J.: 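Take this structure, written in structure tokens, and hold onto it; I'll ask about it next.
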Amino acid sequence: MKETEKQDILRNIPAVDKILQWPELQKFLEQLEQHYVTAIIRNKIDEFRERILAGEDYDLDFLKNSILCEFKDLVRPYFRRAVNALGIVLHTGLGRAPFSHGIADILHNASVGYSQLQIDEEGRRTDRYRKISQILSLITGAEAGIIVNNNAGATLLILNALAKNKEVIVSRGQLIEIGGAFRIPEIMEQSGAILHEVGTTNRTHLENYEDAINENTGALLRVHQSNYRIIGFTKEISLGELVELGKKYNLPVIDDLGSGALIDLSKHNLPKEPTVQDSIRTGADIVCFSGDKLIGGPQCGIIIGKEKIINKIKKNPLTRALRCDKLANEALEATLQLFLHKEETLLKNHGVMSILLKPVKDIRRHASRCARKLKKQFREQLEISVQKDVSEIGGGSLSTEQLPTFVVAVKPKTIPAQDLARALRMCNIPVYGRVSEDLILLDFRTVLKDEEKFIIQAFSEILANG
Ligand SMILES: *Cc1c(COP(=O)(O)O)cnc(C)c1O
């Protein structure tokens, strides 16, 4: 842009007073405190001015649009429902596990009133973890349990409570990094424990652990590799062997399972994932896993194991700092209660399990129905087909494995696929799909039963007028 044009635009930016009279803003002015309204307008003007000065090519319509969009966003929730058509079952960006059937009602009831979070029949303050501990014991066979903010917090807390200033022995093949900057060596450092790595990336033997044990060893740690696999010439010792070693030297064995499957997925033709019950049965002293991966509950970190150790953890000051609120407790209890039901009911009602087990022919039927509707409505603008593809589990669980699926492939005729995909992500109910060259792929494994209408609605919002 030429200098004179720039000056022209800058000079013509309307005054805040003038903007406040825009008819489109009146409904916001009726609802919102005026000083917020003017602050937003000023911010947007400043931002616009900077962009123009930086040489970006925008006109005053752009400013108007961005002000109106800002107000629209301000009064609707940003944290709103979205359609996951990415085909990644546990997608951290999309809030990981979709809750199971019936949990929404429980949460609604519990959030509009007070909640029996930490109080007993006598009206006394009680142990907040009592109820969750009972149900975790029943399901997993562990002596006791407790929950904290997330599994990263659980790991930090366990290491701090059991091994501060002491060495914790870990195989080099298990020094993982998970998305969101969770790295075992760094968590270890923050916890005050000292990392003692043994073995090599691909092979670690029992004697590597045994040779590393000394008078300052505090614990033995096993970490689920979660989001990567080492294949080829490899060796890791089994949890059983680690437990034997722990017994021999009187050291606690910590098992960070990551996903924490409560049912054996391999029974259902899904890839094998170690179960929580197996870890407890094998004798791990303390086991931790996420509440919002395969468990399908709210974000939390679940810690179970020997009662003596759980009690020690409860007394640690970090436990208070990492404690979960009523919503997490309520949602987790309801999710865990599902696991007490007959497996048939569980598999049908459990959000994550029902997606993982969705029969391919159902996915195909669902995708085809949506494709037909889209074709009928948007024949002029879109080329639609249904294709075979693969979904991922994600969330660091079984993530090297792929699940068969069907996608609705959408090829926009007039705009680039990238632009249409972006517009879909900005709809009232955003739709997230994969983009592959000139196609948008909507994976129907993760599109829930009643969500097809949101997809149609999103395309209507974008394409209705041409
Ligand atoms: C996912 C994962 C974590 C982190 O769990 P969050 O609940 O996301 O904090 C820790 N350890 C392992 C092995 C994991 O897979």
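Values below: every heavy atom of this structure, side chains too, minus hydrogens, waters and symmetry copies. As the structure is a prediction and not an experimental result, all values here were calculated from the model. One-based numbering, in listed order, for ligands and for the atoms of each.
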J.: Around atom OH of Y36, are there more than 12 heavy atoms of other residues, nucleotides or ligands at under 6.0 Å?
T.: no
J.: Which atoms of ligand 1 sit under 4.0 Å from any heavy atom of K293?
T.: 1 (C), 2 (C), 3 (C), 5 (O), 14 (C), 15 (O)
J.: Under 4.0 Å from a heavy atom of H224: which atoms of ligand 1 are those, numbered in the order shown and with their elements?
T.: 13 (C)
J.: Are the ring centres of F406 and H366 closer than 6.0 Å?
T.: no
J.: So which bit of N151 gets within less than 4.0 Å of ligand 1, heavy atoms only: side chain, backbone, both or neither?
T.: both
J.: Any atom of ligand 1 sitting under 4.0 Å from a heavy atom of T155?
T.: no
J.: Just wondering, do T204 and Y209 contact through their side chains at under 4.5 Å, heavy atoms?
T.: yes
J.: Heavy-atom distances under 4.0 Å decide this one: backbone, side chain, both or neither, for A152 against ligand 1?
T.: both
J.: Going by the rule side chain to side chain contact (heavy atoms under 4.5 Å, CB included), which residues pair with A219 if we only count those two or more places apart in sequence or in a different chain?
T.: V168, P252, I254
J.: Which atom pair, heavy atoms only, marks the closest approach of F289 to I295?
T.: CE1-CD1, 3.8 Å
J.: Among side-chain atoms of E330 and S115, is any donor-acceptor pair under 3.5 angstrom?
T.: yes
J.: What are the atoms of ligand 1, with element, lying closer than 4.0 Å to any heavy atom of S226?
T.: 12 (C), 13 (C), 14 (C), 15 (O)
J.: Of all the atoms in ligand 1, which lie at a distance below 4.0 Å from a heavy atom belonging to S290?
T.: 5 (O), 6 (P), 7 (O)
J.: Heavy-atom distances under 4.0 Å decide this one: backbone, side chain, both or neither, for R96 against ligand 1?
T.: side chain
